[in-house]
Amino acid sequence: MYAQMVKSTGQGVKPREEMSPQERAFQDRIDADQKIEPKDWMPDAYRKTLIRQIGQHAHSEIVGQLPEGNWITRAPTLERKAILLAKVQDEAGHGLYLYCAAETLGVSRDELTQDLLSGRMKYSSIFNYPTLTWADMGAVGWLVDGAAIMNQVPLQRTSYGPYSRAMIRICKEESFHQRQGYDIMMKMANGSDAQKKMAQDALNRFWYPSLMMFGPSDKESVHSAQSMAWKIKINTNDELRQKFVDQTVPQAELLGLSIPDPDLRWNEERGHYDFSEPDWTEFFDVLRGAGPCNTDRMAARRNAWDDGAWFRDGLMAHAEKKRARAAAAKTAAE
Amino acid sequence: MAAAVKAAPTREEALVEFLLRLGDNTLILGHRVSEWCGHAPVLEEDIALANTGLDLIGQTQLWLGLAGEVEGKGRTADSLAFLRDVWDFRNILLVELPNGDFGRTLMRQFLFDAWHVLMLGRLTESADARIAEIAHKAGKEAAYHLDRSSDLVIGLGDGTDESRRRMQEALDYLWPYVGEPFMPDAVDQLMAAEGVAPDPASLRQEYDATLRRVLGEATLTIPQDPFAQLGGKTGVRHSEHLGHLLTEMQWLQRAYPGASW
Ligand SMILES: [Fe+2]
Ligand SMILES: [Fe+2]
């Protein structure tokens with residue numbers, strides 16, 4: 001997902017009898033579906049896990065601007081250009097809400113940014129894949145925003161108030177993105193032969209990376225169990241992946257495109273599609289930085305940050321001068 | 001080139017030409033601004049620049065849409081944007097210049113906005129109701145752009161030594177391109193005579209006042225050389241940069257003619 005393989009305490013769910021009274025009261029509030037707010041007491045590990053998760057999510061929104069930004073200057077019509085630019089702008093806005101949510105936990109945006117740029121913090125594996133044709137703008141909206149929604153809709157009910165509220169705002173826009181992406185795919189799939197070919201090629205390249213967005217199976221993960229007890233993770237990765245496949249297959253059929261999985265079939269008994277797992281070796285390669293675009297994505301973010309230093313410093317210096325002048329004027333007036 | 005230097009365009013030809021100038025300015029500047037997407041120095045700037053870009057693209061759709069309508073040859077805003085070559089573009093040179101660093105991008109925006117606000121303000125009184133209507137809508141957006149670009153130019157000019165140096169360099173580099181929109185030609189004269197648009201030269205005094213106010217507060221030095229590079233708005237001689245911009249912008253439409261996107 002936008003937050004993949006987030007580590008929590010590493011020790012599994014703390015049994016109730018080992019909890020302090022404070023921890024017990026905290027867990028009771030979560031079990032009663034009450035929201036935890038920034039000023040409330042919370043276990044250190046809850047705070048740390050949330051910072052990792054929200055930070056990774058925020059970074060994904062920011063780096064996620066790049067693959068789609070890659071096509072803004074080549075969008076084929078004025079309307080498509082405006083829609084794409086507005087979409088990428090939304091993603092920057094999502095990053096902003098999420099950094100603000102993380103800040104309520106006591107970590108600044110600049111600190112999180114440094115962690116991203118130094119490679120200490122990750123962003124979603126999906127944004128390390130290249131966007132090669134205009135159909136990729138369709139596939140990204142349809143599949144990537146689609147997968148993001150799968151994960152984020154349940155997170156609207158997450159236990160941490162600011163995160164939950166950020167998710168509610170974000171989800172509205174994500175479903176809009178998905179519809180726009182699907183609309184591009186529809187146009188391409190019903191277009192010329194070349195456009196159809198682009199559409200199928202985009203699906204071929206983005207199908208498995210989209211399945212990877214949910215992360216490897218976490219049925220036995222101690223991190224996930226603790227996060228689920230805290231309600232900062234609502235479903236297992238496998239549940240979400242299955243839901244995504246079940247939703248997406250009929251949409252692909254409607255487009256007349258084929259999912260690049262010979263083993264994909266409806267399983268009457270389970271009431272779900274059976275499908276092939278993505279190549280998890282590739283997933284771990286991408287996570288450790290060896291994906292097709294990791295180097296370029298990080299270089300783009302580092303350049304933006306480094307080249308922008310004089311700009312940020314200049315405005316800070318100006319604000320300081322203005323403050324000093326106002327203070328001097330006030331003293332003079334007194 | 002023949003059309004551009006023709007001594008006496010008809011009213012209709014002049015009107016199309018004038019609308020192309022407005023629409024090409026916003027198209028090309030909107031494109032340049034959108035090149036920053038995802039690469040700005042802070043997140044807030046990514047968002048703000050996207051807003052500016054979106055406003056400019058929206059204005060382009062209106063101006064070029066109207067140009068196609070007046071021309072009456074079935075050309076749409078899209079076909080005008082994506083299927084003309086360099087010599088048919090009518091934007092001023094200023095907006096086609098490459099972004100440079102973020103300071104140059106902001107300075108170019110400010111120099112454009114300061115003109116744009118005045119032009120659109122006058123166009124709200126145009127004898128052509130369609131133009132007045134678009135100018136009214138676009139004028140509000142441009143006023144907001146000017147507020148923002150002025151604030152940033154002031155903040156960076158009166159910031160650190162480095163930010164002042166960069167803003168002064170940007171101003172010096174862009175200065176020869178400042179004069180072009182104020183230079184009247186046969187098209188402008190006809191539009192002014194018909195009450196469609198102001199005489200472009202009549203905007204200069206107020207423009208200079210805006211520059212003195214903002215650049216003064218920014219502690220920057222306004223260059224004194226009145227020399228102006230010309231050739232953009234008449235289409236007679238664009239810079240080398242426009243062709244590259246069009247190559248990128250028009251590529252899909254050119255590579256897959258007639259496809260619908
Ligand atoms: Fe997003
Ligand atoms: Fe999105």
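Excluded from the calculations below are hydrogen atoms, water molecules and symmetry mates; all remaining heavy atoms, backbone and side chain alike, are included.
- Around the CG atom of D85(B), the shell of radius 6.0 Å holds more than 12 heavy atoms that belong to other residues, nucleotides or ligands.
- Between A50(B) and L85(A), the shortest heavy-atom distance links the atoms O-CD2, 3.9 Å.
- For R302(A), the CZ atom counts as densely surrounded, since its 6.0 Å shell holds more than 12 non-hydrogen atoms of other residues, nucleotides or ligands.
- Considering only heavy-atom pairs separated by less than 4.5 Å from chain A, the leading option among E44(B), M249(B), R166(B), Q250(B) is R166(B).
- Of all heavy-atom pairs spanning L78(A) and I57(B), the tightest one is O-CG2, 3.7 Å.
- From H31(B), atom NE2 reaches atom NZ of K81(A) across 4.5 Å, with rounding to the nearest 0.5 Å.
- Counting heavy-atom neighbours within 6.0 Å of Y173(B) OH, excluding the residue itself, gives a total above 12.
- The candidate from Q89(A), Q65(A), K322(A) with the greatest count of non-hydrogen atom pairs under 4.5 Å with chain B is Q89(A).
- Of all the heavy atoms in T73(A) and S34(B), the pair that sits closest is CG2-OG, 4.1 Å.
- Of the atoms belonging to E68(A), not a single heavy atom falls under 4.5 Å from chain B.
- In this structure, the separation between CG on L315(A) and CD1 on I154(B) is 11.5 Å, given to the nearest 0.5 Å.
- By the 4.5 Å heavy-atom criterion applied to side chains, N303(A) and H39(B) are not counted as neighbours.
- Counting non-hydrogen atoms of other residues, nucleotides and ligands closer than 6.0 Å to CD of Q251(A) gives a total above 12.
- For E162(B), the CD atom is densely surrounded, since the number of other residues' heavy atoms within 6.0 Å is greater than 12.
- The main-chain N or O of W251(B) is never found under 3.5 Å from a side-chain atom of R74(A) such that the two would form a donor-acceptor pair.
- For I184(A), no part lies under 4.5 angstrom from a heavy atom of chain B.
- Using a 4.5 Å cut-off between heavy atoms, L27(B) contacts chain A through its side chain alone, with no backbone atom that close.
- D158(B) is listed as a side-chain neighbour of K321(A), based on a closest heavy-atom distance under 4.5 Å.
- Using a distance-only test at 3.5 Å, with no hydrogens or angles considered, no donor-acceptor pair links the side chain of R164(B) to the main chain of G314(A).
- In this structure, chain B has a heavy atom under 4.5 Å from the side chain of M198(A), while its backbone stays farther away.
- The choice from E91(A), E320(A), M316(A), Q195(A) that makes the most heavy-atom pairs within less than 4.5 Å of chain B is Q195(A).
- The minimum heavy-atom distance between Q253(B) and P76(A), with the atom names listed, is NE2-O, 2.7 Å.
- Contacts of A309(A) with chain B are absent, with no heavy-atom separation under 4.5 Å from either backbone or side chain.
- Summarising the geometry of W261(B) relative to R80(A), their closest heavy-atom pair is O-NE, 2.6 Å, with the distance given to 0.1 Å.
- Two residues are said to be in side-chain contact when any heavy atoms from C-beta on lie closer than 4.5 Å; D101(B) and F311(A) fail this criterion.
- In terms of heavy-atom pairs under 4.5 Å with chain A, the best-connected choice from F102(B), W36(B), F82(B) is F82(B).
- If you tally non-hydrogen atom pairs under 4.5 Å between each of G103(B), G53(B), G155(B) and chain A, the highest count goes to G155(B).
- Here the shortest heavy-atom pairing between A317(A) and G159(B) reads CB-C, 3.8 Å.
- The contact between L66(A) and chain B is made entirely by side chain atoms (from C-beta outward), counting heavy-atom distances below 4.5 Å.
- In terms of heavy-atom pairs under 4.5 angstrom with chain A, the leader among C37(B), S260(B), A81(B) is S260(B).
- Contact count against chain A (heavy-atom pairs under 4.5 Å) is highest for L43(B) among L43(B), T160(B), L252(B), L49(B).
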